[in-house]
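Any value given below was found using the heavy atoms of this structure, including those in side chains, with hydrogens, waters and symmetry copies removed.
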Amino acid sequence: MNYSSSCIVYNLDLYKCNWHGWAQAFKELGLKHIKYICPTAPITPVTLNGGMRMPSWFDIFGLGPDCEQDVAGIKKASDILKNFISEEEKQGIPSNRIMVGGFSQGGAVSLYTAFTLEKPLAGIIGLSTWMPLHKDFDDEKMKKTNTDIPMLQCHGNADPLVPFHWGERTSHLIKKFSKCHKFKNYQNMAHSSCQEEMDDVKNFLQEHLSLDSKV
């Protein structure tokens, strides 16, 4: 099948890998002109989980904005995502028809990548996620990219793993430099998804990766 657009979805929560469920959820959106790519995270020790080896894009030392962060791991995961973008370009899909996004840790990689990538993207989707290395982005001297592309950030107000206030802080930070950021919250949603959220994701994709949108 010939695709006109790509959506690279980095979906991984912090304690379990539910790739099949997320891949199916995006498939069921019914947007057949969009190619969905759901990479699998490498198996690596996670400090927060007692050093247990599990699928993870980078190490996590704690669940809070002031915890130590795996700088090298975050940047390595971002480089992997950038390689996926380059591969899609080789397949004939321009970068401004490629959207990146993800859930939880995967969303964090997507946010970091989008705002440091030296080429235009179609948009960003962040679900139940946070901005990694946020102190760097809070520095006005840091060069940020893709600040004029649309972004949809979604978060449940009952999230016990990535607390809602962390999502709010991420939203406030991004709004300092992003011109097209939208933050939506969902009542009683934990660290998961819901039909209302997926409807919003579908509408976002339809608006910014429609068949008749200009390249």
Side-chain angles (χ1 to χ4, degrees), residues 8-19 21-23 25-26 38-42 44-52 54-71 73-78 80-81 99-116 123-138 151-176 178 181-201 204:
I8 305 174
V9 188
Y10 264 41
N11 291 314
L12 186 74
D13 69 29
L14 299 178
Y15 287 111
K16 59 184 179 180
C17 182
N18 53 1
W19 291 102
W22 279 105
F26 275 87
C38 297
T40 301
T44 184
V46 176
T47 301
L48 181 65
N49 220 19
M52 182 182 299
M54 58 185 290
S56 184
W57 291 112
F58 52 86
D59 198 3
I60 299 177
F61 302 105
L63 294 177
D66 297 319
C67 293
E68 179 185 356
Q69 298 192 60
D70 179 13
V71 178
I74 291 167
K75 292 183 176 180
K76 181 179 179 180
S78 177
I80 294 172
L81 178 49
M99 192 173 288
V100 298
F103 175 79
S104 193
Q105 192 193 43
V109 176
S110 299
L111 266 60
Y112 180 84
T113 301
F115 292 124
T116 58
I124 315 165
I125 299 174
L127 308 177
S128 303
T129 192
W130 71 95
M131 175 67 84
L133 308 183
H134 59 283
K135 292 181 180 179
D136 291 348
F137 287 93
D138 208 20
M151 175 180 175
L152 175 65
Q153 182 188 351
C154 305
H155 215 112
N157 69 355
D159 192 332
L161 202 55
V162 181
F164 180 69
H165 69 82
W166 199 0
E168 281 190 312
R169 286 184 60 169
T170 292
S171 172
H172 294 156
L173 171 60
I174 293 174
K175 285 180 178 179
K176 290 182 180 180
S178 176
H181 174 274
K182 180 182 292 186
F183 181 63
K184 304 204 69 173
N185 67 83
Y186 304 88
Q187 294 296 313
N188 302 316
M189 189 177 85
H191 196 64
S192 59
S193 185
C194 65
Q195 188 59 51
E196 182 184 357
E197 180 184 62
M198 292 309 296
D199 288 343
D200 289 332
V201 169
F204 184 77

Is the backbone N or O of [Y] less than 3.5 Å from a side-chain atom of [X], with the two atoms forming a donor-acceptor pair by type?
X: Thr170; Y: Trp130; result: no
X: Ser78; Y: Val109; result: no
X: Gln153; Y: Gly167; result: yes
X: Ser110; Y: Gly101; result: yes

Thr129 vs Val162, test: side-chain contact (heavy atoms from CB on, under 4.5 Å). Steps then yes/no. CA-CA 7 Å; Thr129 192; Val162 181; over 6 Å; no
Spacing of [X] atom [atom1] and [Y] atom [atom2] [to the nearest 0.5 Å]:
X: Met54; Y: Asn49; atom1: CE; atom2: CG; answer: 5.0 Å
X: Met131; Y: Trp166; atom1: CE; atom2: CH2; answer: 12.5 Å
X: Ile60; Y: Thr44; atom1: CD1; atom2: OG1; answer: 10.5 Å
X: Glu196; Y: Asp200; atom1: CD; atom2: CG; answer: 6.0 Å
X: Thr116; Y: Ile74; atom1: OG1; atom2: CD1; answer: 11.0 Å

How far apart are the closest heavy atoms of [X] and [Y], and which atoms are they?
X: Asn157; Y: Asn188; answer: OD1-N, 2.7 Å
X: Leu133; Y: Gln69; answer: N-OE1, 2.8 Å
X: Asp70; Y: Gly73; answer: OD1-N, 3.0 Å
X: Ser104; Y: His191; answer: OG-NE2, 3.0 Å
X: Ile124; Y: Met99; answer: N-CG, 3.9 Å
X: Pro45; Y: Asp59; answer: O-OD1, 3.7 Å

Can you list the steps and then say if Asp138 with Lys176 is a salt bridge (charged side-chain N to carboxylate O under 4.0 Å, His left out)? CA-CA 8 Å; Asp138 208 20; Lys176 290 182 180 180; 2.9 Å; yes
As a quick check of understanding, evaluate side-chain contact (heavy atoms from CB on, under 4.5 Å) for Tyr112 and Leu81, giving each step before the final call. CA-CA 10 Å; Tyr112 180 84; Leu81 178 49; over 6 Å; no
So do the side chains of [X] and [Y] get within less than 4.5 Å of each other, counting heavy atoms only?
X: Ile125; Y: Val201; value: yes
X: Ser128; Y: Asp159; value: yes
X: His181; Y: Ser171; value: yes

Between the side chains of Ser56 and Gln105, does any donor sit under 3.5 Å from an acceptor? yes
Taking atom types as modelled, find out whether His155 and Asn185 have a side-chain donor-acceptor pair closer than 3.5 angstrom. no
Could you check whether atom NZ of Lys175 has more than 12 heavy atoms from other residues, nucleotides or ligands sitting under 6.0 Å from it? yes
Would Phe183 and His172 count as a close aromatic pair, with their ring centres under 6.0 Å? no
Check ring-ring contact (aromatic ring centres under 6.0 Å, His included) between Phe115 and all other residues, then give those that pass, not counting sequence neighbours. Phe177
Sequence neighbours excluded, the answer for ring-ring contact (aromatic ring centres under 6.0 Å, His included) partners of Tyr186 is none
